[in-house]
*Asks:* 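Have a look at the structure that comes next, please.
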Number of protein chains: 2
Amino acid sequence: MKAKQTITGRIKRSVTLRDIARQVGVSPTTVSNVLNGRGRVSEQTARRVHQAVVENRFIINATARTLRQKQSKIVGVIIPIMEHLISFHDNPFYWAFVSGLQQTIASAGFHVMLDAVEYSSESVEIIRSRNLDGVVVVGSHESFPLTQQLAQIDTLPIIFVDSYLPTMNVNTVTTDDRFGSYLATRYLLGLGHRKIVFLSGPLYEHGVDHERWLGYVRALSEQDTACRPIAVETQMSLESGRLAAHRLIYEHPDVTAVVATGDVLAIGVLRGFFESGVRVPHQCSIIGFDDVSIASHTVPSLTTIHQDIKGKGEAVGRMLLRLIAGQGPPQSEHISLNPHLVVRESTAPPPTVLNRLPLKGGDGLQSKRQ
Amino acid sequence: MKAKQTITGRIKRSVTLRDIARQVGVSPTTVSNVLNGRGRVSEQTARRVHQAVVENRFIINATARTLRQKQSKIVGVIIPIMEHLISFHDNPFYWAFVSGLQQTIASAGFHVMLDAVEYSSESVEIIRSRNLDGVVVVGSHESFPLTQQLAQIDTLPIIFVDSYLPTMNVNTVTTDDRFGSYLATRYLLGLGHRKIVFLSGPLYEHGVDHERWLGYVRALSEQDTACRPIAVETQMSLESGRLAAHRLIYEHPDVTAVVATGDVLAIGVLRGFFESGVRVPHQCSIIGFDDVSIASHTVPSLTTIHQDIKGKGEAVGRMLLRLIAGQGPPQSEHISLNPHLVVRESTAPPPTVLNRLPLKGGDGLQSKRQ
DNA sequence: TTGTAAGCGTTATCAA
DNA sequence: TTGATAACGCTTACAA
């Protein structure tokens, strides 16, 4: 291990609190008290200490402080992943969320440590090892061993985001996914659609997409006609959406609308339909979920269920700060954010019987007569 | 400060290396040696130590280790920001980059600490305070006080990403932006375009967008006709792109192609033109930069300059690990990644004289005769 | 092959 | 209002 050396060969040491104390002619305790604003110091002394701090460009060693106080002022953001990071890199969702969180906790002097952890992991060493003050887990499932481990931790606040963990007594922040999906489906039903496909990522039990499925089903069941739910399950990615669109055309040619569980998926569908010459919304309506910033800039722009992603990061940040400060309630907190419908260009009433044009091209000509 | 207490009122202490030593009946040194695989321990002892570690769910305290060794195994990712985080939340670029970096350094046991720092900041306390082992700065400019401060640090490796700092002797990883932009512009010239607008974010001197400007200018100047460069400067965001498209139609109605310095901007333009009824690529071609995953899924899909963003994060991670291991060269390293052109649907030859349709609608009828 | 003891830079406790 | 001292949990000379 080579030591960092100056030209003179002396080991380069950073300025310590002790150095400041020595220079000012007081004890380390006093310097510490000044730095931490404990007040029991004369103004004189405080001023001199502050001056020495500036002069020597002293920066307190947070590592030592953490060791002593067992408070790191670090919050861990843990993202459960599966093998090859499916949907981890691509999803603009994460960044918006994390930047909202970062901004909020930074204002209280906290830092964010990012960690992607295998969902099958049996423990998350970083939490104890680094004395994290709090943890945020994004997108977890009850079935993950990782989730089980994390839920057992009772020595520091943990917040599960976008995770439905009904049997676990943990803090959660979610969007009301079921309601959002219900809104989307009801809107389509209101426009007159009856054949509506539900397109989602993997439907884990108690997953976000599963909640959205329940909202979709409920909306359908409230409709007096016998609307059958149709589920198409794929991955949450642009490309999966594109491919799903092509499949839809053949497997469900009579469909007039698609409820996608994510804008990413919806945008892929938009593209897939375009490639096949299916016009949106004239032949088929599409509705997304999330309202990522690009949703308002697609062609056609995307009708979607809006959720404030950055705001969610901020809400999580505030909740975490509160819990860390010990102002948390004895039992777990749950926040469910309200999504709302944003109508744009990708939805319209279904083609009428007269001008109906099935998705599948084969008998297109026939239907075009009007 | 309330201590965490168990029901019995005893302070809850985590298992330490000393506890393990005591239980096994050896010294802390031996346990440490086992844990760090230093080898000078009998296999017997090693086995017993390992067993005790597992039994007691011992996790080493990285904070204490850091304090002692002055190596934190933490890498800081610093993102210079201006006031209200313009283009920080929205840009999918960051996430892809950071996740590539994270993945790479995690495999060597390093963690990522994320920090957004004001560009005007005079110091980055976190670096010394947390004993960071390395730092990555994304998108910096020479004129930032922050950059000046960071460049002076010589006690740990710092890598500047997507930053052109010609007067500074620092490690950099960039994409060959000038060349990429040159490729884009040359491609359009080759298609026959002569009125090509350069649409960018703020053109800081030595900024990424400025480099791209130089590539654009060079391509034009190589063309034998007197192609005048036309610069339109805005913000790097979807919405700015959309608005710019509307402006373009009036300010430069004779333009037949747009070189945008980012896909985000280009996608905004796509949308803006759509809103105005300008057909892409028939009336106007658009070419982006970055090839974010959505670029291949827009309507029309985006011709763009591809750069491997996640790969850039990985390259930075590898370089950082090398530098941290002390295998770095005495002088600064520079890596320039090669971008390439990806042709999709948003580009085509310009409208011919006969079927020419200016962007501006006013005299559209006149030109429509054929 | 193993152990002793000092120290990393801070803060908490207690005393002055 | 201030200071001496002992930790926090680990690693590392150096000694045995």
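Model, not experiment: these values are computed from the prediction. Chain letters run A, B, ... following the sequence lines, proteins first and then strands; every chain starts at 1.
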*Asks:* Closer than 4.0 Å, any side-chain N/O of B/S27 to the OP1 or OP2 of C/dT2?
*Replies:*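 For C/dT2, OP1/OP2 do not have a side-chain N/O of B/S27 under 4.0 Å.
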*Asks:* Between B/N131 and A/T63, is there a side-chain donor-acceptor contact under 3.5 Å, judged purely by atom types and distance?
*Replies:*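 Judged by distance alone, the side chains do pair up.
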*Asks:* What's A/N36 touching, base or sugar-phosphate or nothing? Going by heavy atoms closer than 4.0 Å.
*Replies:* sugar-phosphate
*Asks:* Any side-chain heavy-atom pair from A/M319 and A/R322 closer than 4.5 angstrom?
*Replies:*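 A side-chain contact exists here, since the closest heavy-atom pair is under 4.5 Å.
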*Asks:* For a quick test of reading the model: is some side-chain N or O of A/T30 closer than 4.0 Å to OP1 or OP2 of D/dT1?
*Replies:*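 For A/T30, the contact criterion (side-chain N or O under 4.0 Å from OP1 or OP2 of D/dT1) is not met.
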*Asks:* Assess whether atom CZ of A/R18 is packed by more than 12 heavy atoms of other residues, nucleotides or ligands within 6.0 Å.
*Replies:*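 Counting other residues, nucleotides and ligands, CZ of A/R18 stays at 12 neighbours or fewer.
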*Asks:* Which of residues 122-131 of chain A have a heavy atom under 4.0 Å from DNA chain C?
*Replies:*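 Per residue number, the list is empty: none.
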*Asks:* Run the side-chain hydrogen bond (donor to acceptor under 3.5 Å, both in side chains) test on B/S163 and B/S140 for me, step by step, so that the C-alpha distance in whole Å, both residues' side-chain angles and the decisive distance to 0.1 Å come before the verdict.
*Replies:* CA-CA 5 Å; B/S163 315; B/S140 220; 4.9 Å; no
*Asks:* Taking OP1 and OP2 of C/dA12, is either one under 4.0 Å from a side-chain nitrogen or oxygen of A/R38?
*Replies:* yes
*Asks:* At under 4.0 Å, does any side-chain N or O of A/K70 touch on OP1 or OP2 of C/dT11?
*Replies:* no
*Asks:* Return the value, rounded to whole Å, for the distance between atom CZ of A/R65 and atom C1' of D/dG9.
*Replies:*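 About 19 Å, once rounded to whole Å.
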*Asks:* Could you tell me whether the side chain of B/L150 reaches within less than 4.5 Å of the side chain of B/V124, counting heavy atoms only?
*Replies:*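 In contact.
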*Asks:* Provide, to the nearest angstrom, the distance between the CZ atom belonging to B/R22 and the C1' atom belonging to D/dG9.
*Replies:* 12 Å
*Asks:* Look at the side-chain N and O atoms of B/T45 and state whether any lies under 4.0 Å from the OP1 or OP2 oxygen of C/dT2.
*Replies:* yes
*Asks:* B/T29 near the nucleic acid: base, sugar-phosphate alone, or nothing, with a heavy-atom cut-off under 4.0 Å?
*Replies:* base
*Asks:* Judged by each residue's nearest nucleotide on DNA chain D, which is more toward the 5′ side, A/R18 or A/N33?
*Replies:*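 The answer here is A/N33.
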*Asks:* Given D/dC10, C/dA12, C/dT10, which nucleotide is nearest the side-chain atoms of B/F58?
*Replies:* D/dC10
*Asks:* When rounded to the nearest 0.5 angstrom, what distance separates CD1 in B/I78 from CD1 in B/I127?
*Replies:*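 Spacing of CD1 (B/I78) from CD1 (B/I127) equals 4.0 Å.
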*Asks:* Can you check whether A/S32 has a side-chain N or O nearer than 4.0 Å to OP1 or OP2 of C/dT10?
*Replies:* no
